[in-house]
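Take a look at the structure set out below.
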Amino acid sequence: MTHVDLRGFGWRHAGRKAWALRDVDLRIDSGERVLLLGASGAGKSTLLSALAGLLAEDSGEQAGTILVGGEPPQAARAGMLFQDPQTALVMARAGDDVAFGLENLGVPRADIWPRVDAALAEVGFPYDRDRDTNALSGGEQQRLALAGVLALRPGLLLLDEPTANLDPAGADVIRKLLAHLDTTMILVEHRVAEALPLVDRVVVLSPAGVVADGPPEKIFQDHGSALAGQGVWVPGPSPVAARTGGTRGAPLLALRAAAHCYPGSTVPVFSDLDLEIAEGEALAVLGPNGAGKTSLALVLGGLMAPTAGTVAATARLAGADAATPPWKWRARHLAGRIGSVFQNPEHQFVTSRVADEVALGPRRLGLPVPVGLLERLRLAHLAEANPFTLSGGEARRLSVATALAAAPALLVLDEPTFGQDRRTWAELVDLIADLRDDGRGIVLVTHDDALVTAVADRRFRL
């Protein structure tokens, strides 16, 4: 097990005026288990990356000192699970991916595969070693990435939203596993109530440093109301009242006997599927990891063709292209009719400025750039920033902004509330409800039960 010591630590990303973190003084003793909280953009992921030794000297400016086990982070044995599990997957086969880190550490060959198999079993990975990593759902990738970290047996375990992409059963498996690990652990998690049994200390972070530190009960008793007002997740009821009950309007899009099977596979991710989406309704698409929710979102968004069945848009949505399936529409027509938010927001960014990203769709369609959208999504102060330097929560809100900017009649949102703090989560829920009440069709692919309760008019389970 490993201890952590930061004195006046700060980090400013290259090209940014504001510091992501500043004046962080923090000591974590060996074996401590810490829940790291803070509003979106508070620097939580940056701090974890620093402790993992992943902040290169040429990628920013550092202040103060940071030591892990008495050594610079680059020399320490820390294991990190990223917010986006795809960033950790490097091999084509699942078993090879878990073995990759062990091989780099020089673990004897005879020990590698038993450790790989044990780690895959620990996280409840549902396939064998030969599973193609490109064929995994987001939640399955999350489990595989965690297996790769645990196989290393790190002295410091850094977990950035480890259950965010998991269905409830999968999240429960991971929490039970984490509860029995004998290691120093720093956990970033928005499901605070579920995370509290795993930790013995809470540290609340802001860009200006640590604002609260102590046992969970004392932190929430003494600071709970103030933290909630600042956007920090705290135990308790949902921050918004339910806004369901929209008036369902005319149909926009319909799937009939639809199926999709990826190349090289004989097993469809979904099949014989009938589904209709109409104006003025919010439809929640639910189901376990690997059920095909993201694949369905891509088909509904016109970004992928089904391998069987039909996808038909009404004239209400498609105008003169109503006889043509959405995946055959011209790109600018598709963007003006169906807006998609991908499970991984970075996959849809194509410019080097936040403001340009939001303006791109409207300009291609000859529409005015919407005024106030960045302000409403709390991104105005980042208008000049590179989209790829945003925090996970900020990147998610930007992906929502790009989908809304072209004013499409139908929105397909894959995990739209991922990575949000309490305040931005509530604002996104209100925004989705406003769009629904304004007559848009909304599809929500999500594991966020609170979002479903707050805004979904109808549920569709795969």
Side-chain angles (χ1 to χ4, degrees), residues 4-28 34-57 59-67 73 80 82-84 158-161 186-190 192 201-214 219 223-234 345 353-355 374-398 418-428:
V4 169
D5 194 15
L6 298 100
R7 290 290 176 264
F9 176 76
W11 183 263
R12 179 166 58 185
H13 294 286
R16 299 284 284 272
K17 293 181 179 179
W19 289 73
L21 281 172
R22 200 74 191 265
D23 297 326
V24 177
D25 292 313
L26 182 63
R27 166 82 185 194
I28 298 174
V34 175
L35 177 61
L36 185 64
L37 298 178
S40 180
K44 302 183 296 297
S45 295
T46 299
L47 180 58
L48 293 191
S49 294
L51 291 168
L54 299 176
L55 298 181
E57 290 183 6
S59 67
E61 177 185 352
Q62 179 178 321
T65 61
I66 177 170
L67 296 173
M80 180 167 174
F82 297 92
Q83 235 178 14
D84 177 5
L158 306 165
L159 303 172
D160 199 351
E161 299 279 2
I186 303 177
L187 169 66
V188 174
E189 180 62 82
H190 286 147
V192 175
R201 180 179 170 191
V202 169
V203 172
V204 184
L205 195 64
S206 81
V210 174
V211 295
D213 182 359
I219 291 295
H223 307 285
S225 296
L227 292 175
Q230 297 163 15
V232 179
W233 283 106
V234 298
R353 290 172 69 247
V354 166
L374 287 180
E375 285 79 2
R376 180 160 189 183
L377 291 171
R378 295 186 181 271
L379 295 170
H381 66 292
L382 297 168
E384 300 300 317
N386 188 311
F388 296 96
T389 67
L390 303 182
S391 73
E394 291 163 348
R396 170 59 72 212
R397 296 201 302 281
L398 178 58
F418 172 78
Q420 300 309 306
D421 63 30
R422 181 184 177 93
R423 179 170 51 203
T424 57
W425 183 91
E427 290 167 348
L428 274 175

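Everything numeric in this text was worked out from a predicted model, so none of it was measured.
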Any [X] side-chain heavy atom under 4.5 Å of [Y] side chain:
X: Val34; Y: Val202; answer: no
X: Val203; Y: Ile186; answer: no
X: Pro207; Y: Leu21; answer: no
X: Pro387; Y: Leu398; answer: yes
X: Leu36; Y: Leu205; answer: yes
X: Ile66; Y: Val4; answer: no
X: Arg16; Y: Asn386; answer: no
X: Arg22; Y: Phe9; answer: no

Looking just at side-chain N and O atoms, do [X] and [Y] make a donor-acceptor pair shorter than 3.5 Å?
X: Ser40; Y: Arg397; answer: yes
X: His190; Y: Gln420; answer: no
X: Asp421; Y: Thr424; answer: yes

| query | Given Leu374 and His381, is the side-chain contact (heavy atoms from CB on, under 4.5 Å) satisfied, shown in steps? | reply | CA-CA 9 Å; Leu374 287 180; His381 66 292; over 6 Å; no
Mind listing the closest non-hydrogen atom pair of [X] and [Y] along with its distance?
X: Gln230; Y: Arg423; result: O-NH2, 3.2 Å
X: Thr46; Y: Ala20; result: OG1-CB, 4.0 Å
X: Gly41; Y: Glu394; result: CA-OE2, 3.5 Å

| task | Could you list the residues that satisfy side chain to side chain contact (heavy atoms under 4.5 Å, CB included) with Val192, not counting sequence neighbours? | result | Leu35, Leu37, Leu196, Phe220, Trp233, Pro235
| request: Show your working on side-chain contact (heavy atoms from CB on, under 4.5 Å) between Glu427 and Arg376 and close with a plain yes or no. | output: CA-CA 8 Å; Glu427 290 167 348; Arg376 180 160 189 183; over 6 Å; no
| request: Determine the sole option in Asp25, Leu47, Asp23 for which the side-chain contact (heavy atoms from CB on, under 4.5 Å) test with Leu6 is passed. | output: Leu47
| field | Matching residue for Leu48 among Leu187, Leu159, Leu54, Asp160 - test: side-chain contact (heavy atoms from CB on, under 4.5 Å) | value | Asp160
| said: Quick check for you: to the nearest 0.5 Å, what is the distance between Lys44 atom NZ and Ser49 atom OG? | reply: 12.5 Å
| request: First locate atom CG of Asp5, then atom CG of Leu26, and finally report the distance between them rounded to the nearest 0.5 Å. | output: 8.5 Å
| query | Do the side chain of Glu57 and the main chain of Ser59 share a donor and acceptor less than 3.5 angstrom apart? | reply | no
| query | Could Arg422 and Trp425 be counted as a cation-pi pair, given that NZ or CZ must be under 6.0 Å from the ring centre and within 45° of the axis? | reply | no
